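To keep things clear, I will list the structure first and then write my remarks on it.
As the structure is a prediction and not an experimental result, all values here were calculated from the model. FYI, side chains are in, hydrogens and waters are out, and symmetry mates aren't considered; it's all heavy atoms of this structure. All residue numbers in this chain count up from 1 along the given sequence.
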Amino acid sequence: SYKRSKTMKQGDLCYIPQAVQLFNEQSPHVITTQKPIAAIYLGDQADHHALLWVRGRQMIAQKRHVYPMEEQC
C-alpha cells in the first residue's frame, strides 16, 4: 500500500483516486470521483476525514483516500 511520505499541511496539493466518495453539505450531498483528481488540503475533519477544496467547493473525504502530490516537476 502507498505510504504518506509527509504529514500534509493546510494548502498542500493532494491527489484523490477514482471511485472515492466526497461529501459536502450542499447539493449534491455525495459525489463519487469518476477519475483521479487534484485537491487542496484544508485540514483535518473529525477522526478519519480530511477537509478539501475540490472544484471550487469544500468537500470531505476519508483520509485514507487522500495522498500528497509528489513533487516531481
Side-chain angles (χ1 to χ4, degrees):
S1 72
Y2 184 86
K3 299 279 187 219
R4 285 183 177 80
S5 59
K6 62 177 183 168
T7 302
M8 295 207 319
K9 302 183 301 287
Q10 184 174 1
D12 282 354
L13 196 57
C14 57
Y15 162 86
I16 301 166
Q18 179 179 347
V20 171
Q21 289 190 328
L22 302 175
F23 304 87
N24 73 4
E25 279 147 31
Q26 299 156 356
S27 181
H29 184 68
V30 179
I31 63 170
T32 302
T33 57
Q34 300 300 307
K35 60 185 179 181
I37 60 173
I40 298 172
Y41 182 79
L42 299 177
D44 292 345
Q45 178 81 18
D47 286 339
H48 302 287
H49 292 82
L51 184 62
L52 307 167
W53 186 257
V54 182
R55 297 184 178 156
R57 64 169 64 173
Q58 284 189 12
M59 304 291 288
I60 297 168
Q62 290 186 4
K63 283 184 192 175
R64 66 189 172 103
H65 297 306
V66 179
Y67 302 98
M69 197 71 87
E70 293 299 322
E71 295 178 22
Q72 298 178 344
C73 298

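- Heavy atoms from other residues, nucleotides or ligands lying under 6.0 Å from NE2 of His48 number 12 at most.
- Screening Ile60, Ile16, Asn24 against Leu52 for a side-chain contact (heavy atoms from CB on, under 4.5 Å) leaves a single residue, Ile16.
- To the nearest 0.5 Å, atoms NE2 (His49) and CG (Leu22) are separated by 10.5 Å.
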Please list, one pair per line, the donor and acceptor atoms closer than 3.5 Å that link side chains of residues 37-46 to other protein atoms, with sequence neighbours excluded.
from	atom 1	to	atom 2	distance (Å)
Tyr41	OH	Asp44	OD1	2.3
Asp44	OD1	Lys63	NZ	3.4
Asp44	OD2	Lys63	NZ	3.4

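- When all heavy atoms of Met69 and Cys14 are compared, the closest pair comes out as CE-O, 3.6 Å.
- Put simply, the side chain of Gln34 gets close to the backbone of Thr32: a donor and an acceptor are under 3.5 Å apart.
- Of all the heavy atoms in Val66 and Ala61, the pair that sits closest is CG2-CB, 4.2 Å.
- Residues in residues 52-61 take part in no salt bridge (charged side-chain N to carboxylate O under 4.0 Å, His left out) pair, two or more places apart or across chains.
- Although no hydrogens or angles enter the test, the distance criterion places a donor-acceptor pair under 3.5 Å between the side chain of Thr33 and the main chain of Val20.
- When side chains are defined from C-beta on, Tyr15 does not count as touching Pro68, because their heavy atoms never get closer than 4.5 Å.
- Rounded to the nearest 0.5 angstrom, Met59 CE and Phe23 CZ are separated by 9.0 Å.
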